[in-house]
Undergrad: 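This is the structure, below, for whatever I ask next.
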Amino acid sequence: MMRLGRAGRELLRWGRGGPPTAVPRRGAEVLVGTAGGESSGIAEILMNRPHARNSLGKVFVNELFSALEQLRFDEKVRVVVFKSEVKGVFCAGADLKERAKMDDAEVGHFVKRLRNLMDEIAALPVPTIAAIDGYALGGGLELALACDLRVAASSAKMGLIETTRGLLPGAGGTQRLPRCVGIGLAKELIFTGRQIDGQQAASMGLVNHTVPQNNEGDAAYQRALTLAKEILPQAPFAVKMGKLAINRGMEVDIASGMAIEGMCYAQNIPTRDRQEGMAAFREKRPPQFIGK
């Protein structure tokens, strides 16, 4: 069980391998839970700011930082899923009502903090999955882009719409979108402020999977859980090293990237999980990895 910071706290109870049952405390905007049973190892960050469509306000951002800090050091967590508790919305982006009350210096400071938040999401050592069941606009899409994997309902709407508000993406969108879909498409989407649906997002590689929306409005979340359960049985330390090698290697030339891969591989050689994997192969049985 996890608790959030001063701005909003939440206790989550999980059934045996099932979804969380929230017991909210007044003012909570971000909920954190870990699963049990066959889903043990999956953690969820649940965004719960319905009156503002999960927009990125000060309290909301502070609670996201707190959630990330707790999950970063939880060795039992193997996958993190980002999900909205607000039907029809993943994250609507900037809280423009709150932003309008800031002076220029305050805006610059807060946007820098948003950029740091997305970097913290990207730097989580375990795989992260964004379950996009509704609108992911502006900073909401930047949050999803900071995750390793994205799953969207076909009806979900996504876009870096900042240019339609006299702005430009300031929380990583100009950097992560081109790395995801290519420079030409990223420029087109940012210059036009266009919104696209889940099917279009899948066709350009913005999301890994798209699924038809269901009556409960959580089809992307259900597909994200399935994906998370595919990751769970794999060797946790090897997965972490794989993520690190990819992320660091993408920022350098291929020769340097190969050196990074070699360093990550070297760290994995003495692990008990590597020995377990070899033993399981010889003995023709499923491996039992412990993350060490």
Side-chain angles (χ1 to χ4, degrees), residues 12 14-15 17-22 24 29-33 35 38-39 42-56 60 64 79-95 121 127-162 164 173 176-177 180-181 185-186 188-189 192-232:
L12 292 181
W14 289 70
T21 301
E29 295 186 356
V30 174
L31 323 171
V32 182
E38 64 178 14
S39 297
I42 299 175
E44 292 187 357
I45 292 180
L46 308 173
M47 298 177 288
N48 187 45
R49 196 184 183 211
H51 65 280
R53 295 162 59 85
N54 288 341
S55 60
L56 296 162
F60 187 85
L64 276 173
V79 188
V80 176
V81 176
F82 284 77
K83 174 188 182 292
S84 171
E85 290 289 87
V86 182
K87 192 170 183 178
V89 178
F90 178 72
C91 174
D95 186 333
I121 292 171
T128 53
I129 307 173
I132 306 170
D133 272 305
Y135 284 92
L137 303 176
L141 182 54
E142 289 175 308
L143 191 159
L145 283 166
C147 294
D148 298 306
L149 308 171
R150 287 159 294 282
V151 179
S154 56
S155 59
K157 297 292 184 182
M158 289 158 271
L160 294 180
I161 62 170
E162 284 86 348
T164 71
R176 291 194 173 95
L177 185 62
C180 185
V181 303
L185 270 176
E188 181 175 339
L189 292 173
T192 63
R194 184 185 304 150
Q195 296 183 33
I196 59 174
D197 62 27
Q199 291 282 4
Q200 293 169 306
S203 70
M204 63 179 64
L206 177 55
V207 302
N208 297 79
H209 303 279
T210 183
V211 289
Q213 189 55 279
N214 58 27
N215 292 333
E216 290 74 26
D218 68 349
Y221 168 63
Q222 295 300 330
R223 182 64 182 88
L225 283 182
T226 299
L227 183 55
K229 290 176 183 178
E230 283 189 71
I231 297 170
L232 280 182

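Just so you know, residue 1 is the first one in the sequence shown, and it goes up from there. What you are looking at is a predicted structure, and each value in this text was computed from that prediction instead of being measured.
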Undergrad: So do Leu143 and Leu64 actually touch side chain to side chain, heavy atoms under 4.5 Å?
TA: yes
Undergrad: Taking all heavy atoms of Pro212 and all of Ser154, pick out the closest pair and write down the distance.
TA: CA-OG, 3.5 Å
Undergrad: Could you check if a side-chain atom of Leu149 sits within less than 4.5 angstrom of a side-chain atom of Asn208, using non-hydrogen atoms only?
TA: yes
Undergrad: I want to check something: taking the side chain as every heavy atom from C-beta on, are Ile132 and Met158 in contact at a cut-off of under 4.5 Å?
TA: yes
Undergrad: Check whether any side-chain heavy atom of Phe82 lies under 4.5 Å from a side-chain heavy atom of Ile121, and answer yes or no.
TA: yes
Undergrad: Under a 3.5 Å distance rule, please check whether Asn214 uses its side chain to pair with a backbone N or O of Gly217 as donor and acceptor.
TA: yes
Undergrad: Search all heavy atoms of Val181 against all heavy atoms of Gly205 and return the closest pair with its distance.
TA: CG1-C, 4.3 Å
Undergrad: Are the side chains of Phe90 and Asp133 in touch, meaning some heavy atoms are under 4.5 Å apart?
TA: no
Undergrad: Please report the shortest heavy-atom distance between Met204 and Ile196, naming the atom on each side.
TA: SD-CD1, 3.8 Å
Undergrad: Side-chain contact, heavy-atom cut-off 4.5 Å: Glu142 with Leu177?
TA: no
Undergrad: I want to check something: taking the side chain as every heavy atom from C-beta on, are Arg150 and Cys180 in contact at a cut-off of under 4.5 Å?
TA: yes
Undergrad: Salt bridge between Arg194 and Glu188, side-chain N to carboxylate O under 4.0 Å?
TA: yes
Undergrad: Look at Glu44 together with Lys83 and state whether they make a salt bridge at an N to O cut-off of under 4.0 Å.
TA: no
